Colleague: 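Structure below; questions to follow.
Below, read A as the first sequence line, B as the second, and so on, with proteins coming before strands; counting in each chain starts at 1. Everything numeric in this text was worked out from a predicted model, so none of it was measured.
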2 protein chains.
Amino acid sequence: MNRDRAVTSLAALAQGTRLEAFRVLVQAGPTGLAAGDLAERLGISPPALSFHLRGLAQAGLVHARQQGRFIYYSAAYDAMQSLVDFLTENCCGGAACAPARAPARKSTSRRIV
Amino acid sequence: MNRDRAVTSLAALAQGTRLEAFRVLVQAGPTGLAAGDLAERLGISPPALSFHLRGLAQAGLVHARQQGRFIYYSAAYDAMQSLVDFLTENCCGGAACAPARAPARKSTSRRIV
DNA sequence: CAAATGATTAAATAGTTATTGAAATGTTGA
DNA sequence: TCAACATTTCAATAACTATTTAATCATTTG
């Protein structure tokens, strides 16, 4: 995992329909779902689903396999785990993360967010 | 954490400059960095940084505090952890989920606080 | 108060993304 | 082969995102 791949993966998940599709596939398990079933479940048109699945597949977050006239999509758990590992690595400069969980200091400085 | 908040957070991280900014802040620790220092470090203009920090702040991934004329930005570790938890929850339909839930092979970095 | 500094906001623009309907591709079974 | 079905690709458009320059806001200091 590197920055560009992480951006691609994050972008793939950073959209309501795709995040929902991915989560449905995660819960569907390794067998996955046929594209048509997934489209119906999400309430979107087949071309719309195809567009979004393309993004997820390019990011490596879902796998597709053809079975007869159906194409089954399933979640790529390992890719998901790689992304999570990347996001959480080098936290706190590699040092102990304890300081990060210290309550926000009530200094004279003004909190603006 | 819900779907919409997750999408906002993922979108905030799904851009090279913002992901890089966030990672720099994560490594900078709880004190964070002044906006100017961060802009210089990333090699982008102040307005560009302001635009990107706004996205990260709205997603709750960074905190800002004013100190004199400087505004210090720091990573919100707890928000990051919430996102990671959301992404990995309900994995495999709640059933046994060895592939995705196994401890990270090369590190123990999944938890960041 | 005025000047200087750090940062944000505004306006304009180029580039990217999502959505829709129509057409095309590929697979199965009569 | 032909008809039916599942899915994808194409083309057009609307909406959103990122970047730039100029202007504005806020804080400190002379």
Colleague: What's the spacing between B/Phe51 CZ and B/Leu56 CG if we round to 0.5 Å?
Modeller: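 B/Phe51 CZ to B/Leu56 CG: 10.5 Å, rounded to 0.5 Å.
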Colleague: Between C/dT8 atom P and B/Leu38 atom CG, what is the distance in whole Å?
Modeller: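 Taking CG of B/Leu38 and P of C/dT8, I get 10 Å after rounding.
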Colleague: I'd like to know whether CZ of B/Arg3 has more than 12 heavy-atom contacts from other residues, nucleotides or ligands below 6.0 angstrom.
Modeller: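 Enclosed.
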Colleague: To the nearest 0.5 Å, what is the distance between CG (B/Leu13) and CG (B/Leu61)?
Modeller: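 Reported value, rounded in 0.5 Å steps: 5.0 Å.
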Colleague: How do A/Ser45 and B/Ser50 order along DNA chain C: which one's closest nucleotide is nearer the 5' end?
Modeller: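 Here B/Ser50 is the residue nearer the 5' end.
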Colleague: State whether B/Tyr73 places a side-chain N or O below 4.0 Å from either non-bridging phosphate oxygen (OP1 or OP2) of C/dT8.
Modeller: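 Answer yes for this pair, as a side-chain N or O of B/Tyr73 is under 4.0 Å from OP1 or OP2.
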Colleague: Check whether any side-chain heavy atom of B/Asn2 sits under 4.5 Å from a side-chain heavy atom of B/Phe86, and report yes or no.
Modeller: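 B/Asn2 does not reach B/Phe86 side chain to side chain.
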Colleague: Separation of B/Arg54 atom CZ from C/dT9 atom C1', in whole Å?
Modeller: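 Rounding to the nearest Å, CZ of B/Arg54 and C1' of C/dT9 are 9 Å apart.
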Colleague: Rounded to the nearest angstrom, tell me the gap between atom CG in A/Asp37 and atom P in D/dA6.
Modeller: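 Going from A/Asp37 (CG) to D/dA6 (P), I get 10 Å.
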Colleague: In this structure, how many angstroms lie between the P atom of D/dT7 and the CG atom of A/Leu33, rounded?
Modeller: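 So the CG-P distance, A/Leu33 to D/dT7, works out to 11 Å.
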Colleague: Near DNA chain C, under 4.0 Å by heavy atom, which residues of residues 62-72 of chain A?
Modeller: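 The stretch gives A/Gln66, A/Gly68, A/Arg69 as the residues lying under 4.0 Å from the strand, ordered by number.
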Colleague: Calculate the interatomic distance between A/Leu49 atom CG and D/dT7 atom C1'; express it in whole Å.
Modeller: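 Between C1' of D/dT7 and CG of A/Leu49: 9 Å.
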Colleague: C/dA18 C1' sits how many Å from A/Leu53 CG, rounded?
Modeller: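 Rounding to the nearest Å, CG of A/Leu53 and C1' of C/dA18 are 14 Å apart.
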Colleague: Base, sugar-phosphate alone, or nothing: which one does B/Ala34 contact when heavy atoms must sit under 4.0 Å apart?
Modeller: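 The answer is sugar-phosphate, as B/Ala34 gets under 4.0 Å only of primed atoms, P, OP1 or OP2.
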Colleague: Other residues, nucleotides and ligands only: do more than 12 of their heavy atoms fall within 6.0 Å of CZ on B/Arg41?
Modeller: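 Not buried by this count: 12 neighbours or fewer within 6.0 Å.
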Colleague: Identify all pairs in which a protein N or O lies below 3.5 Å from an N or O of nucleotides 12-18 of chain D, and state each distance.
Modeller:
unit_1, atom_1, unit_2, atom_2, d
D/dA18, OP1, B/Arg18, NH1, 3.2
D/dA18, OP1, B/Arg18, NH2, 2.8
D/dA18, OP2, B/Arg18, NH1, 3.1

Colleague: Which other residues belong to the hydrophobic cluster containing B/Phe70, where Ile, Leu, Val, Met, Phe, Trp and Tyr are joined when side-chain heavy atoms lie under 4.5 Å apart, directly or via other members?
Modeller: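 ILVMFWY cluster around B/Phe70 also holds B/Tyr72.
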Colleague: Could you tell me whether the side chain of A/Leu53 reaches within less than 4.5 Å of the side chain of A/Ile71, counting heavy atoms only?
Modeller: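 No, too far: nothing below the 4.5 Å cut-off.
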Colleague: Hey, what do you get for CG (B/Asp4) to OG (B/Ser9), rounding to the nearest 0.5 Å?
Modeller: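 Reported to 0.5 Å precision, the distance equals 10.5 Å.
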Colleague: Above 12 or not: heavy atoms from other molecules or residues under 6.0 Å from CD of A/Gln58?
Modeller: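 Buried by this count: over 12 neighbours within 6.0 Å.
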